[in-house]
Amino acid sequence: MAKLKGCIEAEISNALTKWEKDYLGRGSVSVKTDVLRDMIIVSLRGILSTAEYTLCETRDGMLSVKRTRTSLVESGIDELKDIIHRITGEEVTSFFTDLSTRTGERIMVFRLSEDLEKKFATAD
């Protein structure tokens, strides 16, 4: 593999930030990506708007925000999988996501068809 692990992680963070802005209309405050075995784990902070935080003060509002945000992200899953494939060369076999309405943080986990981290170890 020609690219280093840190470069791949940074490229994914940048691509997902751009995707958020283009697809969802706003981006997160910070993004951190980690490659771990056959998974790519992405932590996005500051994804909720001030209005969404206000809605989250009630249980119904919180559930509504979680449902809406999850539906929005999952409606773009094909594009997200394409981004990961383009950057890593690996197919995404499954995708998991959740968000904290308390902290405004979203976690995305992309499960890959191969152990990407092992490829970095053999590339040195």
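Hydrogens, waters and symmetry mates are skipped; everything else that's a heavy atom, side chains included, is used.
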Item checked: Close side-chain approach of V73 and M108, heavy atoms under 4.5 Å ->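 Touching, per the 4.5 Å side-chain cut-off.
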Note to self: Do N14 and T17 make a side-chain contact, defined as non-hydrogen atoms from C-beta onward lying under 4.5 Å apart?
What the structure shows: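 Side chain of N14 against side chain of T17, heavy atoms only: no contact under 4.5 Å found.
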Next item on the list: Go through the structure and list residues passing salt bridge (Lys or Arg N to Asp or Glu O under 4.0 Å) with R69, not counting sequence neighbours.
Entry: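 For R69 the salt bridge (Lys or Arg N to Asp or Glu O under 4.0 Å) partners, ignoring immediate neighbours, are E52.
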Next item on the list: Please list, chain by chain and in numerical order, all residues satisfying salt bridge (Lys or Arg N to Asp or Glu O under 4.0 Å) with D22, sequence neighbours excluded.
Entry: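 Residues passing salt bridge (Lys or Arg N to Asp or Glu O under 4.0 Å) with D22: K18.
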Answer with yes or no whether the hydrophobic clustering places [X] together with [Y]; edges join I, L, V, M, F, W, Y residues whose side-chain heavy atoms lie under 4.5 Å apart.
{"X": "I83", "Y": "I41", "result": "no"}
{"X": "V109", "Y": "L116", "result": "no"}
{"X": "M39", "Y": "V42", "result": "no"}
{"X": "F96", "Y": "I77", "result": "no"}
{"X": "L55", "Y": "L99", "result": "yes"}

Rounded to the nearest 0.5 Å, what separates atom [atom1] in [X] from atom [atom2] in [Y]?
{"X": "D34", "Y": "I8", "atom1": "CG", "atom2": "CD1", "answer": "13.5 Å"}
{"X": "K21", "Y": "L16", "atom1": "NZ", "atom2": "CG", "answer": "12.5 Å"}
{"X": "T70", "Y": "R67", "atom1": "OG1", "atom2": "CZ", "answer": "9.5 Å"}

Next item on the list: State whether the number of non-hydrogen atoms from other residues, nucleotides or ligands found under 6.0 Å of R86 atom CZ is greater than 12.
Entry: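 Buried by this count: over 12 neighbours within 6.0 Å.
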Side chain [X], main chain [Y], donor-acceptor under 3.5 Å:
{"X": "S64", "Y": "D60", "answer": "no"}
{"X": "E11", "Y": "I87", "answer": "no"}
{"X": "S100", "Y": "T103", "answer": "yes"}
{"X": "T68", "Y": "V65", "answer": "no"}
{"X": "T97", "Y": "I107", "answer": "yes"}

Next item on the list: Taking all heavy atoms of C56 and all of T101, pick out the closest pair and write down the distance.
Entry: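 Scanning both residues, the minimum pair turns out to be SG-CB, 3.4 Å.
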Next item on the list: Compute whether any side-chain donor of one residue and acceptor of the other, for S13 and T33, lie under 3.5 angstrom apart.
Entry: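 Short answer, yes.
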Check: Using a distance-only test with no angle check, is there a side-chain donor-acceptor pair under 3.5 angstrom linking Y23 and S75?
Finding: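 Per modelled atom types, Y23 and S75 side chains form a pair under 3.5 Å.
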Item checked: Charged N-O contact under 4.0 Å between E20 and R26 ->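 R26 and E20: not salt-bridged.
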Next item on the list: Any pair with a residue in residues 35-49 that passes salt bridge (Lys or Arg N to Asp or Glu O under 4.0 Å), sequence neighbours left out, goes on the list, sorted by first then second residue, please.
Entry: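 Listed by first then second residue: D38-R111, R45-E105.
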Item checked: Partner set under ring pair (Phe, Tyr, Trp, His ring centres under 6.0 Å) for F95, not counting sequence neighbours ->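 Once residues adjacent in sequence are excluded, the partners of F95 under the ring pair (Phe, Tyr, Trp, His ring centres under 6.0 Å) criterion are F110.
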Next item on the list: Can you spot which of E117, E90, H85 makes a side chain to side chain contact (heavy atoms under 4.5 Å, CB included) with L112?
Entry: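 Testing each of E117, E90, H85 against L112, the sole residue satisfying side chain to side chain contact (heavy atoms under 4.5 Å, CB included) is E90.
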Item checked: Co-members of L63 in a cluster of I, L, V, M, F, W and Y side chains, linked at under 4.5 Å ->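 So far as hydrophobic clustering goes, L63 is joined with M62.
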Next item on the list: Give me the other members of the hydrophobic cluster that V29 sits in, counting Ile, Leu, Val, Met, Phe, Trp and Tyr linked by side-chain heavy atoms under 4.5 Å, directly or via other members.
Entry: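 Its cluster mates, by chain and number: none.
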